[in-house]
Amino acid sequence: MQHDLIAQARTWLAEDPDPETRDELGALIEADDTQELAARFAGTLQFGTAGLRGELGAGPMRMNRSVVIRAAAGLAAYLKAQGEEGGLVVIGYDARYKSADFARDTAAVMLGAGLRAAVLPRPLPTPVLAYAIRHLGAVAGVEVTASHNPPRDNGYKVYLGDGSQIVPPADGEIAAAIDAVGPLGGVARPEDGWQTLGEEVLDAYLARTDAALDAGSPRTARTVYTAMHGVGTSVLTAAFDRAGFPAPVLVAEQAEPDPAFPTVAFPNPEEPGAMDLAFATARRSAPDLIIANDPDADRCAVAVPDTATEGGWRMLRGDEVGALLAAHLVERGASGVFAESIVSSSLLGRIAEKAGLGYEETLTGFKWIARVDGLRYGYEEALGYCVDPEGVRDKDGITAALLVAELASVLKEQGRTLLDLLDDLALAHGLHATDQLSVRVEDLSVIADAMARLREQPPTALAGLAVTSAEDLSQGTDKLPPTDGLRYHLEGARVIVRPSGTEPKLKCYLEVVVPVADAAGLPAARARGAELLAGIKRDLAAAAGI
């Protein structure tokens with residue numbers, strides 16, 4: 001067994017094109033580190049609906065140039081099988097370790113396979129790539145990014161020519177084509193010949209960002225902005241300048257791209273501590289709101305002044321921002337369909353219904369939301385918002401930030417705030433309080449065991465609320481294809497449990513709806529909502545054994 005493992009590692013080493021990972025793997029072989037080698041060669045990094053994502057390093061279970069070249073070759077074979085010979089593949093990348101290398105390798109493979117390739121001019125936000133696919137008439141797009149994952153990770157996200165991320169059956173067909181790739185020596189990779197795009201593609205994206213805003217709307221909101229060490233700063237500040245907003249005050253320590261993400265444990269605005277520098281900057285400059293992007297700037301986080309919160313600033317939940325933007329679009333006279341994933345707040349459906357708009361629920365991920373017919377606006381609780389689906393059929397943290405700033409400006413002129421509008425929505429539709437129980441694991445079997453336990457012994461009550469129905473989403477529903485998840489409806493509450501598609505986490509999404517008679521009843525409703533969420537979280541953790 002040990003001999004087979006060493007032989008497998010030597011075979012991989014012989015065709016690895018990257019001196020860094022060759023040295024790394026050679027050292028492991030030399031040290032006879034069978035435990036680490038076994039982890040690297042336990043299988044292959046699986047290509048799914050999120051593409052690839054994993055830790056950087058040598059071997060088939062890590063993200064590296066060998067794995068990326070195989071993925072690109074499989075994607076090229078799939079595209080040619082679809083009749084796209086000679087079609088254009090556009091490639092974007094973030095500022096993480098190896099991202100530029102993976103982008104160049106992808107371009108070379110596409111060219112070698114008889115397709116055309118164009119690479120974005122520099123590390124840019126993921127929504128610029130999603131925009132460029134349709135703008136340039138590409139047959140597919142690739143974004144090299146691990147979004148908000150830890151510094152040691154990277155990833156590979158695939159879009160088809162409609163500008164949306166892949167969904168089944170395309171993901172399975174691409175995965176099969178990747179598996180069919182032979183030795184890397186047989187994958188043609190010319191040294192050059194692909195196109196490196198100029199700034200005009202970014203200029204076209206920026207010109208489109210204006211479409212998210214109402215002509216003649218006020219543009220007075222003052223913001224503090226953090227790019228979280230990612231690629232958002234130059235694009236967001238350019239978009240704000242074009243739109244006529246005051247220049248955002250930058251969180252200087254996090255403004256420039258840095259793949260080490262030195263000031264945060266996780267480069268995700270939702271993680272504890274990630275926003276501390278932004279709050280400190282805001283306390284010095286007293287803006288109307290804080291806006292944060294994640295490292296590839298497809299997500300948008302918002303914080304607002306709140307004297308009731310320690311430190312004077314309160315992060316809004318993704319569900320709160322999702323409802324605020326929906327209410328703003330309704331006020332502006334939007335038409336079309338509002339859509340969200342099943343893990344997001346049911347408040348969006350109530351807003352759409354009252355406005356006489358269409359409403360759709362989808363599986364988790366913008367790959368599903370972006371495909372809703374007649375989509376006008378889509379959001380997901382994990383800080384993702386699609387506010388201009390004709391421009392970008394994916395979540396876009398830049399245009400979402402513009403729309404939040406426009407809403408804050410409108411309210412500012414009325415002497416009101418985002419928190420005042422949230423109160424209005426609670427009075428109109430009931431207080432919708434959401435929370436999440438999220439458990440990061442080292443051992444993925446913990447997640448599988450928790451899901452199995454809940455399936456075998458589903459809870460009958462949580463926080464004293466009776467479970468009125470339980471659905472195993474792996475069976476699919478009349479409106480949703482199958483997915484690994486569980487959904488519980490309670491009296492005045494809803495719970496969804498699912499493994500994360502991009503991180504080693506079990507995620508449980510909780511929502512309670514508390515009726516509110518008048519403004520005087522809001523504090524009591526909030527207290528009741530918080531009490532119920534805490535109880536549901538406690539009881540669900542016990543039921544799942546986590």
Side-chain angles (χ1 to χ4, degrees), residues 148 221-226 228 248-249 251 254 264 266 268-294 299-328 344-345 347 379-385 397 400-401 403-412 414-427 429-438 509-512 514 516 519 521-534 537:
H148 57 278
R222 294 174 304 108
T223 57
V224 157
Y225 171 72
T226 175
M228 207 66 67
V249 175
V251 178
Q254 299 174 335
V264 290
F266 287 94
N268 178 353
E270 293 178 295
E271 293 282 349
M275 295 290 288
D276 287 356
L277 287 170
F279 294 149
T281 304
R283 284 191 283 272
R284 291 194 299 271
S285 56
D288 298 304
L289 71 164
I290 298 171
I291 288 173
N293 287 139
D294 66 340
R299 297 170 194 244
C300 177
V302 179
V304 293
D306 183 5
T307 54
T309 301
E310 185 181 347
W313 283 86
R314 176 184 152 200
M315 278 285 286
L316 297 182
R317 291 190 166 276
D319 283 318
E320 292 176 314
V321 177
L324 287 168
L325 292 180
H328 182 45
S344 305
S345 171
L347 178 55
Y379 98 91
E380 190 157 75
E381 57 74 44
L383 310 183
Y385 314 94
L403 200 62
V404 169
E406 179 184 65
L407 172 56
S409 300
V410 170
L411 293 167
K412 186 177 181 180
Q414 300 168 359
R416 305 175 73 235
T417 67
L418 296 174
L419 294 181
D420 293 328
L421 182 52
L422 283 174
D423 286 351
D424 292 350
L425 292 172
L427 293 172
H429 305 286
L431 179 82
H432 289 62
T434 59
D435 201 357
Q436 194 180 120
L437 170 62
S438 181
Y509 304 84
L510 326 175
E511 178 179 48
V512 298
V514 183
V516 194
L522 279 168
R526 285 203 183 88
R528 176 61 176 157
E531 178 190 7
L532 287 171
L533 288 171
K537 193 184 282 193

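- With a 4.5 Å cut-off on side-chain heavy atoms, V321 and Y385 count as touching.
- Expressed to the nearest 0.5 Å, how far CG of L325 lies from CD of E406 amounts to 10.0 Å.
- Here the side chains of D319 and E511 are not in contact, with every heavy-atom distance at 4.5 Å or above.
- Between the side chain of R528 and the main chain of V514, no donor-acceptor pair closer than 3.5 Å is present.
- In this structure, the side chains of V404 and L289 come closer than 4.5 Å at one or more pairs of heavy atoms.
- Of all the heavy atoms in P287 and R222, the pair that sits closest is CB-O, 3.3 Å.
- A221 and A408 get closest at one heavy-atom pair: CB-CB, 3.9 Å.
- Using a 4.5 Å heavy-atom threshold, the side chains of M228 and H148 count as separate.
- Residue L425 comes nearest to A327 through the heavy atom pair CD2-CB, 4.0 Å, listed as atom of the first residue, atom of the second, then distance.
- The main-chain N or O of G397 is found under 3.5 Å from a side-chain atom of N293 such that the two form a donor-acceptor pair.
- Here CD of Q436 is found 12.0 Å from CG of L533. Values are rounded to the nearest 0.5 Å.
- E271 places no side-chain N or O within donor-acceptor distance of the main-chain N or O of N268, the cut-off being under 3.5 Å.
- In this structure, the side chains of T226 and L277 stay at 4.5 Å or more apart for every pair of heavy atoms.
- The two residues L418 and L324 make their nearest non-hydrogen contact at O-CD2, 3.7 Å.
- With contacts defined as side-chain heavy-atom distances shorter than 4.5 Å, the pair I290/F279 qualifies.
- To the nearest 0.5 Å, the span separating OH on Y509 from CG on L437 amounts to 11.0 Å.
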| field | Pair V224-R283, side chain to side chain contact (heavy atoms under 4.5 Å, CB included): steps then yes or no | value | CA-CA 10 Å; V224 157; R283 284 191 283 272; over 6 Å; no
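- Residues satisfying the side-chain contact (heavy atoms from CB on, under 4.5 Å) criterion with D306, sequence neighbours excluded, are A308, T309, R314, L419.
- If you take NZ on K412 and CD on Q414, they are separated by 13.0 Å, rounding to the nearest 0.5 Å.
- Within a 6.0 Å sphere centred on CD of E310, other residues, nucleotides and ligands contribute 12 heavy atoms or fewer.
- You'll find the side chain of L403 reaches within 4.5 Å of the side chain of H328, heavy atoms only.
- Across M275 and A292, no two heavy atoms sit closer than the pair SD-CB, 3.6 Å.
- Under the rule for a salt bridge (charged side-chain N to carboxylate O under 4.0 Å, His left out), the partners of D424 that lie at least two apart in sequence or sit in another chain are R416.
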| message | Run L347 and E320 through side chain to side chain contact (heavy atoms under 4.5 Å, CB included) and show every step you take. | response | CA-CA 9 Å; L347 178 55; E320 292 176 314; over 6 Å; no
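- The side-chain heavy atoms of T417 and V304, taken from C-beta on, include no pair separated by under 4.5 Å.
- Taking all atoms of both residues into account, the shortest heavy-atom contact from Y225 to P248 is CB-CB, 3.8 Å.
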